[in-house]
Amino acid sequence: MTSLVIRSAQDAIAAVPYLLGFHPSRSLVVIGFEGRSGGTCAVRLDLPAPGPAGRVAAVLAGNGFARSLLLGYGPAGEVAEAARPMRAALAAAGVPAAEAIRVADGRWWSLTCHDVCCPPEGTPYDIYASTVAAEAAFGGHVALADRAELVASVRPPDGPARAATRRAAEGAERRYLARPPSSPEDDVAFVLALLARARTGSRPTDEEVAWLGLLLTDLRVRDETWIRLDEDAPAADIAFWRDIVRRVDPARVPAPASLLAFAAYSAGDGGLANVALRRALDADPAYSMAVILREVVNAGISPAKLRMRKPDPPRADHQKAG
């Protein structure tokens, strides 16, 4: 969810890539607005089979949205076939679609208006002429070319960079197994120092990334890191954790990927949150933080309801997996 203000069809078209994190294709996008929080929420479904319309409508209604917008990206027949049941479900749930449009080739067509004001050849648009695009960019939102590019943004590197990551992971493992007992406070201090440096533009070394991955296997260290994510201005944290997810040992990816997902969701970037959670759950389908966040994202729960509180002190039986 985010606070972008949408006043027209062109605003909606301009907002969608920033709400999703990428420019959609073969998609049905539903935007909820006029909610209790004053923000917006975007849900994207693949075409031609958009999935259960009732579930999407229930998510928007459950989060207090009063109205919606529907945007279809793809061939006219596919969009129209998917839009009909979605509009009906939204109306039945009390979140009626104020407008439904199809977007293709730099033009948009209304699916609800057939007057002369909506020409059959469509209405041209320019995303970057809208103030919404400027507001989104200023707020740190990024719109990648497509979903494949978004997925690639959290994928491990290839070639020499991947070999360097592997060497760093092996060295960190040996060091971790040989080190004397340490307190969680010392490990947390290391993580926070890395975060502080990253927020000033300093990228961690391969060795630091590998060590971080090992430290985050301790749930106390992970949770102490989690509550210190900047939910009000998460852009720097998102950049940091995206970099860590790409460079950390794949066996250690669930914790940093879950932290990236939380930071992204706090910023209203559901697309990045989803691909980060996919990486976490591919590595460990039972990883508790990722499982919980997946339920939160699927339910469309507002990030404002996820504000973190300081966790209780660790118990003697605190585990190192989760």
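Just so it is clear, the structure is predicted and the values come from calculations on it, not from any experiment. Each residue takes its place number in the sequence, starting with 1.
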### Message
Tell me if a side-chain donor or acceptor on R107 pairs with a main-chain N or O of G122 at a distance below 3.5 Å.
### Response
yes
### Message
Does this structure show an ion pair linking D237 with R228, if we count only N-O contacts that are shorter than 4.0 Å?
### Response
no
### Query
Between atom CG of L212 and atom OG1 of T225, what is the distance when rounded to the nearest 0.5 Å?
7.5 Å
#### Entry: salt_bridge(R26, D46) N-O dist < 4.0 Å
no
### Message
If I compare all heavy atoms of L90 with all of S68, which pair ends up nearest, and what's the gap?
### Response
CD1-OG, 3.5 Å
### Message
Is the shortest side-chain heavy-atom distance between F240 and P204 below 4.5 Å?
### Response
yes
### Test log, rule side chain to side chain contact (heavy atoms under 4.5 Å, CB included), inputs L144 and H23
CA-CA 6 Å; L144 300 179; H23 292 266; over 6 Å; no
### Query
Considering all heavy atoms of both residues, which atom of W109 and which atom of P119 are nearest to each other, and what is their separation?
CD1-O, 4.1 Å
### Task
State plainly whether the residues R197 and E208 are in salt-bridge range, i.e. N to O under 4.0 Å.
yes
### Message
Are the side chains of L216 and P256 in contact, using a 4.5 Å heavy-atom criterion?
### Response
yes
### Task
Report yes or no: do I127 and V29 belong to one cluster of Ile/Leu/Val/Met/Phe/Trp/Tyr joined by side chain heavy-atom distances under 4.5 Å?
yes
### Summary
Between the CG atom in L20 and the CD1 atom in I31, the distance rounded to the nearest 0.5 Å is 8.0 Å
### same_hphob_cluster(M289, V291) at 4.5 Å side-chain heavy-atom cutoff
no
### Message
With side chain to side chain donor-acceptor pair (under 3.5 Å) as the test, pick out the partner of R247 among T165, T205, D206.
### Response
D206
### Message
Do the side chains of E170 and R166 get close enough for a salt bridge, i.e. N-O under 4.0 angstrom?
### Response
no
### Query
Are M86 and V56 close enough, and set up right, to give a side chain to side chain contact (heavy atoms under 4.5 Å, CB included), and what steps lead you there?
CA-CA 8 Å; M86 185 62 72; V56 175; 4.2 Å; yes
### Query
Do L281 and I292 share a hydrophobic cluster (ILVMFWY, side-chain heavy atoms under 4.5 Å, transitive)?
no
### Query
Taking all atoms of both residues into account, what is the closest heavy-atom pair of A299 and V59, and its distance?
O-CG1, 3.4 Å
### Message
Assigning hydrophobic clusters by single linkage (Ile, Leu, Val, Met, Phe, Trp, Tyr; side-chain heavy-atom cutoff under 4.5 Å), is V191 placed with V253?
### Response
yes
### Query
To the nearest 0.5 Å, what is the distance between SG (C41) and CZ (F33)?
13.0 Å
### Between S110 and T112: side-chain donor-acceptor atoms closer than 3.5 Å
yes
#### Entry: Where A283 and P250 come nearest, the two heavy atoms and their spacing
CB-O, 4.1 Å
### Pairwise distance CD1(I227) to CD(E231) - rounded to 0.5 angstrom
10.0 Å
### Task
Could you check W241 against F262 for ring-ring contact (aromatic ring centres under 6.0 Å, His included), going step by step and ending with a plain yes or no?
CA-CA 10 Å; W241 290 111; F262 182 84; over 10 Å; no
### Task
Could you state whether L71 and Y128 fall into the same hydrophobic cluster, counting links through intermediate Ile, Leu, Val, Met, Phe, Trp or Tyr residues with side-chain heavy atoms under 4.5 angstrom apart?
yes
### Task
Could you walk me through whether E207 and R167 pass side chain to side chain contact (heavy atoms under 4.5 Å, CB included), step by step?
CA-CA 9 Å; E207 290 71 25; R167 288 193 299 271; over 6 Å; no
### Message
I'd like to know if D282 pairs up with R278 as an ion pair, taking the criterion as any Lys NZ or Arg NE/NH1/NH2 lying under 4.0 Å from an Asp or Glu carboxylate oxygen.
### Response
yes
### Query
Can you name the closest pair of heavy atoms from L69 and A98 and give their distance?
CD2-CB, 4.3 Å
### Heavy-atom check, side chain of V188 versus side chain of S183, under 4.5 Å
no
### Query
How many angstroms lie between OH in Y73 and CG in L47, if you round to the nearest 0.5 Å?
11.5 Å
Distance-only donor-acceptor pairs under 3.5 Å for side chains of residues 148-162, two or more places apart:
| from | atom 1 | to | atom 2 | distance (Å) |
| --- | --- | --- | --- | --- |
| E149 | OE1 | A145 | N | 3.0 |
| S153 | OG | L150 | O | 2.6 |
| S153 | OG | R242 | NH1 | 2.6 |

### Task
Give a yes or no answer on whether the side chain of N274 reaches the backbone of G270 with a donor-acceptor pair at less than 3.5 Å.
yes
### Query
On the ring face of W211, is R175 found with NZ or CZ under 6.0 Å from the centre and within 45° of the axis?
yes
### Query
Between I101 and E99, does a side chain to side chain contact (heavy atoms under 4.5 Å, CB included) hold up when you go through it step by step?
CA-CA 7 Å; I101 64 176; E99 178 61 283; 3.5 Å; yes
### Message
Any carboxylate oxygen within less than 4.0 angstrom of a Lys/Arg side-chain nitrogen, looking at R252 and E173?
### Response
yes
## Note on the structure
dist Y287:OH -> L293:CG (nearest 0.5 Å) comes out at 10.0 Å
### Message
Run the side-chain hydrogen bond (donor to acceptor under 3.5 Å, both in side chains) test on R55 and N298 for me, step by step, so that the C-alpha distance in whole Å, both residues' side-chain angles and the decisive distance to 0.1 Å come before the verdict.
### Response
CA-CA 10 Å; R55 182 180 64 82; N298 286 345; 5.4 Å; no
### Query
More than 12 foreign heavy atoms under 6.0 Å from CG of D105: is that the case here?
no
#### Entry: Taking every non-hydrogen atom, the tightest pair across F22 and R147
CD1-N, 3.4 Å
### Task
Would you confirm whether R87, through its side chain, and P96, through its main-chain N or O, come within 3.5 Å as a donor-acceptor pair?
no
